[in-house]
Number of protein chains: 2
Amino acid sequence: MTTLNKRDTIVSSALELFAERGFDATTVPMIATSANVGAGTIYRYFENKEVLVNTLFQEYVGTFMKTIEEGFPYHESIRDQFHHLFKNMILFTNQHEHALYFIRKHSAGHFLDEQSREDFTQLLELFSTFFDEGKEKNEIRNLPSKALIAILYGAFLELQNLIRAGELEPSPELSSGVEESLWDSVRRHT
Amino acid sequence: MTTLNKRDTIVSSALELFAERGFDATTVPMIATSANVGAGTIYRYFENKEVLVNTLFQEYVGTFMKTIEEGFPYHESIRDQFHHLFKNMILFTNQHEHALYFIRKHSAGHFLDEQSREDFTQLLELFSTFFDEGKEKNEIRNLPSKALIAILYGAFLELQNLIRAGELEPSPELSSGVEESLWDSVRRHT
DNA sequence: AAGATAGGAATGAATGTTCATTCCGCATGA
DNA sequence: TCATGCGGAATGAACATTCATTCCTATCTT
């Protein structure tokens, strides 16, 4: 591990614990131990546990959105856009092993503040826009975009979870197989 | 509500609260209030909070399995078997609004006992068997069964969640559209 | 039939535990 | 020596669980 400063150590430990056990089952002393800092130190960087989880949430939702928007092929075919989406979802999970799972597990949390909820909505809208355009072009199945997002997002994250748990080995074949499967689930069949 | 006995009132209140907020964020007094009983009464029926959640978990996983196995068309086509699966997943969620979501949210919980984990594994095996047979017959996509389950289960539950949250109106068209989408995600395309 | 009594069921205030948060003394470096 | 960053014991609040007490209902007794 390239020596991180304390804040980043805390963030990274908290992310993993929150992803694994959830916000409510993760205690501040637990985070402190895992990050090799005193419990009090966490409060030098974050006002309280809720601020910590909201900061994490916003940071990672933001990074995820950037990862997806980066180089998005707006003018290519819907299929190519889908490929970009899928590829970058995988890229993001490779760079931040626990982040997507953390986001899903907490995206309806009772502790999320206004900003976090707004950020999450924006993320969903990004996908919505893609599906709406695809439906207009008759390349995407005629289902509510919310439903299409749920299918894509739900399936992808459940898979991610399996991989995180070590129950499924990641491989290029698996990736492309899953991409095909998910594309078939959202595309319009002729 | 056909007057329930106290145990059932407690079970039903706990189910809803656990599904909504999760085990760790749900307090026993909360359950008591929602069930209109004294906090102590809960302990007349369940040894403690963990026993309560494990009882719930096993009860609903068992009912879910029965719902799926009931009248399963072992000798019909894979497509018909899939239809049965899907139809009964919907049936189950209609009969037990919060149950599937509760199961998903808690299926990796740190408080689950051996029995609960075993029951859940059995449930997954039921789906596994179906997919394995379908692959043998070349009707199901060549992906690990675990992955196919994740896709089906993840997508279905994310949708269910949307409906529970009132963000999507259930309707026969939606159901059949989703069934088609999910079938396309797991079937082998020629 | 009315009153008395027993015993199981239910209650919620009291208890001990666990947690988030604070606070004060220590260490490091300028 | 002073200032800054840290640690972890101390604190108070919230929680799960217990238990002394009350309530209810069914069965007796007269």
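Proteins get letters first, then strands, A, B, ... in listed order; numbering begins at 1 in each.
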| said: I need the CD1-P distance between B/Ile42 and D/dC15, as an integer number of Å. | reply: 14 Å
| Can you name the salt bridge (charged side-chain N to carboxylate O under 4.0 Å, His left out) partners of A/Lys66, sequence neighbours left out? | none
| Of all residues at least two apart in sequence or in a different chain, which pass the side chain to side chain contact (heavy atoms under 4.5 Å, CB included) check with B/Glu139? | B/Ile78, B/Lys137
| Partners passing salt bridge (charged side-chain N to carboxylate O under 4.0 Å, His left out) against A/Arg79 (at least two apart in sequence or in another chain) | A/Glu179
| For residues 114-158 of chain A, which residue pairs qualify under ring pair (Phe, Tyr, Trp, His ring centres under 6.0 Å), counting only residues two or more places apart or in two chains? | A/Phe86-A/Phe156
| request: Not counting sequence neighbours, list each pair that qualifies as a side chain to side chain donor-acceptor pair (under 3.5 Å) and has a residue in residues 22-36 of chain A. | output: A/Ser13-A/Ser34, A/Asp24-A/His110
| query | Any chain of hydrophobic side-chain contacts (each under 4.5 Å) joining B/Val51 to B/Val11? | reply | no
| request: Kindly write out the residues that satisfy side chain to side chain contact (heavy atoms under 4.5 Å, CB included) with A/Arg188, not counting sequence neighbours, or none if the list is empty. | output: A/Asn138, A/Asn142
| message | Any side-chain N or O of A/Lys6 below 4.0 angstrom from OP1/OP2 of D/dG7? | response | yes
| request: Would you indicate, yes or no, if D/dG7 has its OP1 or OP2 atom less than 4.0 angstrom from a side-chain nitrogen or oxygen of A/Tyr43? | output: no
| request: Output every pair passing salt bridge (charged side-chain N to carboxylate O under 4.0 Å, His left out) with a member in residues 43-60 of chain A, not counting sequence neighbours, ordered by first then second residue. | output: A/Arg7-A/Glu59
| request: Sequence neighbours left out, what passes side chain to side chain contact (heavy atoms under 4.5 Å, CB included) with B/Glu167? Give chain and number order. | output: A/Lys146, B/Leu162, B/Ala165
| query | Using a heavy-atom distance cut-off of less than 4.0 Å, which residues of residues 46-58 of chain A contact DNA chain C? | reply | A/Asn48, A/Lys49
| task | Within residues 19-28 of chain B, find the residues that approach DNA chain D with a heavy atom at under 4.0 Å, and present them sorted by residue number. | result | B/Thr26, B/Thr27, B/Val28
| Contact boundaries of DNA chain C with chain B (under 4.0 Å, heavy atoms), 5' to 3'? | C/dA9 to C/dG12
| query | Which comes earlier along DNA chain D counting from the 5' end, the contact point of A/Ala39 or that of A/Arg44, where each point is its nearest nucleotide? | reply | A/Arg44
| query | With sequence neighbours excluded, what pairs up with A/Thr190 under the side chain to side chain contact (heavy atoms under 4.5 Å, CB included) test? | reply | none
